[in-house]
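Let me begin by presenting the structure, written as structure tokens, before commenting on it.
Atoms within a ligand are numbered from 1 in the order they appear, just like the ligands themselves. Predicted, not measured: the structure shown is a model, and the values here were computed from it. All heavy atoms count here, side chains included; hydrogens, waters and symmetry mates do not.
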Amino acid sequence: MNCRCSLSLFVILISCVVLVFDGSHVVVATDTLLPGQSISGSEILVSKNGVFELGFFSPDQGGIIHYLGIQYTNLIGSRPAKFWLGNKVHITSFLNATLYLAAGELYIEELGSVLWTSNSATNGSASAVAVLLDNGNFVVKDQTIHSKVIWQSFDHPANALLPGARLGLDVATGNNISLTLYKSHHNCTLVVDQSRKMGFIMFISGQGHLGTFPDWMVTYKEGSLVQLNYPENANDLEFMKLHMGQVSLLRWVNNGTITGWKPLWSYPSSCKISAFYCGAFSVCTSKGTCACIDGFRPSDTNEWELGHFVSGCSRIVPSDCEGGISTDVFILLDSLQGFPDNPRHIREETSEDCEARCLSQCYCVAYSYDHPMCKIWYGQLLNLTSANTTLHTEIYMRIGSNGKRPRQHGQLVILVIGPIVAALLVMLVLFWVYNRSSKQTKVEGFLSVYSYAQLKRATRNFSDKLGEGGFGGVFKGTVAGPTAVAVKKLKGVGHRDKQFRAEVQTLGMIQHTNLVGLLGFCTEGTRRLLVYEYMPNGSLDSHLFSEGTSVLSWRLRRRIAIGIAKGLAYLHEECRDCIIHCDIKPENILLDAEFYPKIADFGMAKLLVRDIDAALTSLRGTVGYLAPEWVYGQAITHKADVYSFGVVLFELISGRRTTGNMRFGNHRYFPLYAAAKVNEGDVLCLLDGRLGGDGNVKELDVTCRVACWCIQDEEIHRPSMGQVVRMLEGVVDIELPPIPTSLQNIMDSDDSRIYSAEG
Ligand SMILES: *[C@@H]1O[C@H](CO)[C@@H](O)[C@H](O)[C@H]1NC(C)=O
Ligand SMILES: *[C@@H]1O[C@H](CO)[C@@H](O)[C@H](O)[C@H]1NC(C)=O
Ligand SMILES: *[C@@H]1O[C@H](CO)[C@@H](O)[C@H](O)[C@H]1NC(C)=O
Ligand SMILES: *[C@@H]1O[C@H](CO)[C@@H](O)[C@H](O)[C@H]1NC(C)=O
Ligand SMILES: *[C@@H]1O[C@H](CO)[C@@H](O)[C@H](O)[C@H]1NC(C)=O
Ligand SMILES: *[C@@H]1O[C@H](CO)[C@@H](O)[C@H](O)[C@H]1NC(C)=O
Ligand SMILES: *[C@@H]1O[C@H](CO)[C@@H](O)[C@H](O)[C@H]1NC(C)=O
């Protein structure tokens with residue numbers, strides 16, 4: 001295809017392809033892969049008895065991410081069971097994914113890069129074949145040595161075990177087989193307990209719980225292996241599944257009135273023993289039954305009727321949130337005993353700020369406020385118990401509103417307050433006229449010290465608002481004659497006067513051409529203001545994303561990218577105390593008269609919060625620019641800035657918000673699409689359509705590669721900002737970046753879909 005394809009045309013073409021293939025898998029009419037053979041895209045293998053099929057499947061109907069897996073061919077139910085293979089490597093473009101067999105080894109390849117191998121090659125296994133057996137086991141057999149099995153899927157279960165498969169240590173092969181699951185801040189593992197016959201240990205986020213398999217369910221083998229028995233009636237479909245905090249033996253029920261997986265055995269056997277039994281957004285009541293919390297209903301009513309609750313509950317009205325814009329509302333939940341696990345703690349001045357923060361993050365599901373701490377929960381709430389006593393907690397749950405926002409009381413307030421404000425204004429003007437005569441500006445260190453009255457005057461009573469950042473409003477003003485300045489009114493008091501002065505002096509010493517310079521400050525009573533140089537061309541977002549303004553050329557965009565990188569490199573590596581910015585986004589990149597970029601809002605946390613941990617958690621990272629470790633509440637390093645910078649690079653390239661509601665290819669998220677295109681060597685397609693292809697292909701390729709490296713999931717894979725500068729300037733060569741795999745999970749704001757993708 002011509003490379004100057006418009007993105008939208010491309011999107012339409014790809015969607016058509018997907019529609020044609022979706023749902024109707026192409027059957028390769030065989031159960032066997034011979035050496036050199038492969039299946040791709042929607043092709044599948046089918047076992048001889050027709051019960052199982054193997055191919056690339058999505059955990060959710062119509063989902064983007066696919067894994068290699070095995071499923072029952074004819075189960076038309078709401079939650080078909082899937083048995084994942086290949087370490088659950090994420091396939092982002094399954095039409096271009098291939099499973100092939102070469103020299104006794106299985107490979108999963110996507111767009112030419114190998115994502116997984118079975119590592120099963122042995123001597124002389126060139127003639128080995130791979131067969132999907134009637135029991136759902138996918139085996140690689142060496143034809144030369146009596147069909148010796150050299151690899152089998154039963155030895156590598158993800159979180160589900162079919163009859164005939166084993167758990168524990170296979171002494172012959174040295175395989176130690178266990179079930180594992182990661183989901184929503186928790187991890188869960190089921191291992192055989194070697195010290196007790198038929199015993200097992202279930203670890204939930206590190207806490208171990210001892211259980212025992214019933215005799216009728218498993219057969220005890222030598223060593224400590226247990227094998228799951230085949231069902232008595234050969235036509236029954238049964239398997240063992242590890243859910244978060246629960247393991248069950250399930251049987252498929254379909255008797256005309258009800259279809260679903262019915263538990264024949266579960267551990268724990270009731271929610272009184274462990275509330276994980278009830279699934280997400282569901283509480284264990286004082287009667288020992290599971291019940292959905294307000295605003296939620298059972299995700300699968302059939303399974304609830306069958307006594308299987310781990311599928312939990314989902315919102316009755318789905319959440320509506322896209323790129324931080326949401327019409328969702330919050331309802332009070334005051335029946336829980338204790339708080340759910342793993343909240344993020346953030347300092348906020350009011351509960352409204354806490355609520356606003358949750359609302360702006362699509363994957364935030366609940367908050368609770370106790371001045372000055374705002375607790376926020378992401379993903380799923382699990383392990384909930386209802387309170388027996390008056391000692392309950394108050395949590396606000398996010399629910400959908402069908403697009404209807406609650407009514408605002410704004411107009412009434414204006415009517416009442418209006419005349420009072422007007423009177424105050426008149427007084428202020430009189431005060432200003434009276435006060436205007438005296439007062440010279442003092443200087444402390446590098447910085448000017450202003451009085452509040454001076455700054456009020458300079459900004460004509462804060463009348464010309466330039467913007468509102470996380471730390472307060474910014475107003476245009478004029479000081480010392482004709483010098484234009486930007487005055488930031490900080491929200492929240494933070495440090496005492498003396499400490500504040502000290503911190504401000506430190507900030508004042510940070511001077512770099514790509515950082516917005518601090519000129520002065522004001523501290524009076526509880527008021528804290530900072531005076532910065534004024535940047536006539538405003539912030540990058542206004543030039544990049546709005547329709548009206550003239551389009552930034554590729555040359556300017558590249559210069560801006562390098563400038564931001566240099567500014568960040570200085571903050572991270574060159575100033576005396578390493579500073580993590582924590583909120584890199586186009587709104588915080590300002591442009592001077594010649595469109596040279598300068599980074600704003602650095603070092604703010606230290607000014608406002610006393611200890612550094614609280615400082616980090618109080619920062620307002622912005623959805624869409626947050627590194628995965630940030631989203632999951634792990635420690636933040638300067639590599640979080642590198643991630644955000646990568647997202648900004650993508651926006652410089654495409655001229656669009658990465659968080660916007662649009663599709664690129666079969667990716668909803670531009671960086672994923674871009675990563676694929678970089679690997680194909682087809683980068684001009686990624687350039688902002690408004691530039692009509694007017695960009696330097698080499699520079700574009702370099703910029704795309706750097707961006708992909710910056711958004712790698714693992715911090716250690718991301719380059720430092722110093723390296724980024726050298727890469728962007730073309731001083732060093734850059735390898736092809738891998739496609740970051742977990743991106744889709746994090747970016748997909750439809751959280752109920754992501755987190756139900758446990759399969
Ligand atoms: C990906 O798959 C689609 C549909 O089969 C095909 O048109 C396209 O050429 C493939 N891309 C690559 C890079 O193989
Ligand atoms: C593979 O076979 C060769 C000879 O056929 C032998 O020398 C070598 O040790 C074998 N390697 C392994 C790992 O069995
Ligand atoms: C098998 O793995 C589990 C957990 O990964 C461990 O506790 C157990 O000791 C292992 N067993 C053997 C025999 O290595
Ligand atoms: C599982 O959770 C425990 C406890 O939170 C943690 O120590 C461990 O590192 C986690 N394991 C993985 C593989 O994430
Ligand atoms: C179907 O199975 C369910 C659960 O086993 C049972 O409650 C129900 O009575 C059955 N219905 C019929 C028509 O057999
Ligand atoms: C589940 O909740 C119980 C009771 O609230 C608590 O003791 C336990 O630590 C929780 N389990 C996990 C893994 O968080
Ligand atoms: C909860 O209340 C019931 C009945 O009031 C009582 O029997 C039970 O002991 C209470 N449980 C706890 C944990 O307080």
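- Every residue two or more places apart in sequence or in another chain was checked for a ring pair (Phe, Tyr, Trp, His ring centres under 6.0 Å) with Y220, and none qualifies.
- With sequence neighbours excluded, the residues forming a disulfide bond (SG atoms under 2.5 Å apart) with C292 are C313, listed by chain and number.
- Every residue meeting the ring pair (Phe, Tyr, Trp, His ring centres under 6.0 Å) condition with F239, not counting sequence neighbours, appears here in chain and number order: F83, W261.
- Cation-pi geometry between K585 and Y625 is not satisfied (NZ or CZ under 6.0 Å from the ring centre, within 45° of the ring normal).
- A centroid separation of 6.0 Å or more is found between the aromatic rings of Y67 and F56.
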Identify all pairs of nitrogen or oxygen atoms, one from ligand 6 and one from the protein, separated by less than 3.5 Å, and list them with distances.
| unit_1 | atom_1 | unit_2 | atom_2 | d |
| --- | --- | --- | --- | --- |
| ligand 6 | 2 (O) | N383 | OD1 | 3.1 |
| ligand 6 | 2 (O) | N383 | ND2 | 2.3 |
| ligand 6 | 9 (O) | Q207 | NE2 | 3.0 |
| ligand 6 | 11 (N) | N383 | ND2 | 2.9 |
| ligand 6 | 14 (O) | D341 | OD2 | 2.3 |

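- Note that K375 lies in the cation-pi zone of F339, set by a 6.0 Å cut-off to the ring centre and a 45° limit from the axis.
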